[in-house]
Amino acid sequence: MDTHTKIRKIKEFIIERLIFLSGIMSIIIVALIFAFLLKEGLTLFWQVPLSDFIFARNWYPISDPPQFGILPLILGSVLVTAGAAVISVPIGIGSALFIAEIAPPKTKEIMKAGVELLAAIPSVVIGFIGMITLAPIIKSVFGLPTGLTALSGAITLAFMAMPTIVSIAEDAITAVPRQYREAAIAMGATKWQTTWRIVAYAARPGMLAAVMLGIGRVIGETMAVMMVTGNAALIPHSILQPVRTLTATVAAEMGETVQGGEHYAALFAIGIVLFIITFLINGAADLYLHKTKK
Amino acid sequence: MSSEQSIIETHSLNLYYGKFHALKDINLAIQAQRITALIGPSGCGKSTLVRVFNRMNDLIESVRVTGEVLVEGRNIFAPETDLITLRKEVGMVFQRPNPFPLSIRDNLTFGLEIHSDYSKQNHTEIIEQSLKDVLLWNDMKDRLSQTALNLSLEQQQRLCIARVLAMKPQIILMDEPCSALDPIATLRIEELMQELKKNYTIVIVTHNMQQAARASDYTAFLYLGELIEFGETKHIFSAPEQKKTEEYITGRFG
Ligand SMILES: Nc1ncnc2c1ncn2[C@@H]1O[C@H](COP(=O)(O)OP(=O)(O)OP(=O)(O)O)[C@@H](O)[C@H]1O
Ligand SMILES: [Mg+2]
């Protein structure tokens with residue numbers, strides 16, 4: 001009996017530690033990645049002042065002397081991401097509401113399968129399709145010299161964000177307790193009033209998480225963006241010009257750099273910037289959720 | 001029972017869930033400004049019957065209804081029935097308190113806003129009056145913008161009643177409104193019902209025989225989808241005419 005309890009206690013102890021360890025592991029790994037980024041990236045700022053890095057308008061990493069201004073890259077990323085968000089958030093949330101609340105069972109199954117399929121397409125394939133079909137259309141519709149523009153990137157990325165947004169938002173909407181709907185309908189609310197004012201409102205935190213994850217995917221996306229945005233590191237004046245994003249820059253140039261060199265450090269510094277942007281977006285979402293909870 | 005006072009009447013009401021015959025030839029006249037209790041063993045069709053009166057059964061696809069149900073003299077299954085008006089006239093309180101995940105104030109104004117015949121200026125008055133009616137005003141008046149989900153279950157249920165009162169209905173349907181509450185809260189809700197019946201007609205489903213005996217004026221006993229007996233509560237509980245009724249209220253089955 002006594003040894004029994006002892007063994008049980010030891011078991012408990014080990015299991016608890018293991019769970020703790022796996023929990024702490026994810027934090028440690030993130031911390032290590034960030035430390036590595038800092039170590040490799042911060043050396044850039046011995047030579048280039050931070051303000052020049054962020055605000056200078058020219059990214060000529062291999063000219064002599066090199067110029068490491070990432071402002072055009074930041075603007076490229078912002079433009080493409082914001083464009084993708086403007087397209088994918090309303091459509092994604094709308095589809096999620098439709099699938100969860102309105103669609104008849106058959107349609108619902110078909111749409112869900114479609115969304116899953118869309119999520120399963122590799123980004124390089126989406127990029128390829130965008131390059132072959134979308135770019136020519138944009139070129140001829142707007143009469144541009146090239147169809148590889150920020151707009152093409154935004155539309156392509158919207159297709160990548162949408163499955164994430166739709167499926168997570170749909171889960172959140174479906175998880176809203178039936179009693180809320182019943183109460184609203186019993187008060188004489190129409191289907192639309194119930195869906196919009198009660199169900200969507202109750203599902204807000206989940207829908208926000210869906211949007212964040214969708215946008216997270218857009219910011220981090222590299223392959224498709226490289227294929228359709230034209231990759232010109234210029235400050236864009238409209239969404240119909242070629243741009244280059246932060247991620248595409250790192251992916252395209254990392255192979256040509258000398259480890260430990262200035263260019264190499266600059267690409268890592270871009271990594272730090274990306275990390276901080278993602279962190280800020282997540283932080284803002286958290287803050288918003290905590291505020292509305294009260 | 002003089003029929004000019006009856007506010008709900010059913011004539012040969014039958015309801016089917018697909019092939020399942022859930023309500024069988026129900027003829028019932030519910031009196032205005034009285035409390036009518038529906039009792040009967042689990043699965044006999046009490047919830048189904050109250051949900052006929054505001055047509056909540058419409059949400060279930062397989063449901064089919066025959067016969068007539070008159071609410072304030074109008075057949076609610078007639079094609080010209082406006083469900084939105086019907087549900088404003090016939091409010092419903094559920095078994096589990098289900099306030100919306102909104103502030104206390106927004107819970108009360110939701111009904112006003114969807115039935116937009118109320119001007120915004122009246123909202124404050126209506127909020128105050130409906131909270132007073134359910135005896136929540138003193139506790140709630142300083143925290144109207146807090147979420148309703150932090151209230152106690154009893155307060156939540158009172159708020160759900162207030163939310164219905166705010167729409168100024170004629171009839172309030174209650175499907176086991178006290179089954180999630182403790183005995184003391186239950187008694188207080190019963191007191192509230194006595195207050196409310198001065199202005200409203202109440203139909204309450206209950207599993208609790210004492211509650212039916214204590215709180216209602218009329219009692220309907222349902223068994224396997226049939227209305228076995230209907231009459232004044234004191235009659236039903238002292239001298240039931242049907243053997244089944246007697247067996248049920250003395251606790252021999254159910
Ligand atoms: N959506 C439905 N589809 C099919 N059958 C149903 C449905 N809802 C209820 N029923 C059946 O109709 C009968 C009456 O159900 P109802 O919920 O009205 O009973 P009740 O008297 O309210 O029971 P309880 O006291 O358990 O709440 C039951 O046999 C039940 O199984
Ligand atoms: Mg029931």
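Only a predicted model underlies this, so the values are computations on that prediction, with no experimental measurement involved.
Under a cutoff of 6.0 Å and an axis angle of 45°, Arg34(B) and Tyr218(B) do not form a cation-pi pair. A cation-pi arrangement is found for Arg163(B) relative to Phe100(B), the charged atom lying closer than 6.0 Å to the ring centre and inside a 45° cone about the ring normal.
Heavy atoms closer than 4.5 Å to chain A are found in the side chain of Arg51(B), but not in its backbone. Using a 4.5 Å cut-off between heavy atoms, Val93(B) makes no contact with chain A at all. Looking at Leu59(B), the atoms closer than 4.5 Å to chain A (heavy atoms on both sides) all sit in the side chain, from C-beta outward. Heavy atoms of Pro169(B) lying under 4.5 Å from chain A are absent altogether. At a 4.5 Å heavy-atom cutoff, Leu173(B) makes no contact with chain A through either its backbone or its side chain.
Contact tally against chain B (heavy-atom pairs below 4.5 Å) for Ala184(A), Ala189(A), Ala186(A): the top residue is Ala186(A). Between chain A and the residues Ile114(B), Leu86(B), Asn150(B), Val164(B), the largest count of heavy-atom pairs under 4.5 Å involves Ile114(B).
Considering CG of Leu153(B) and SG of Cys178(B), their distance stands at 11.5 Å, rounded to 0.5 Å. In this structure, the separation between CD on Glu72(B) and CD1 on Ile7(B) is 4.5 Å, given to the nearest 0.5 Å.
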task = Please report the C-alpha distance between Tyr16(B) and Ser62(B) in whole Å, then the side-chain angles of each, then the deciding distance to 0.1 Å, and finally whether the side-chain hydrogen bond (donor to acceptor under 3.5 Å, both in side chains) criterion is met.
result = CA-CA 8 Å; Tyr16(B) 304 81; Ser62(B) 63; over 6 Å; no
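Remark: the Gln33(B) side chain and the Thr201(B) side chain contain no N/O donor-acceptor pair separated by less than 3.5 Å.
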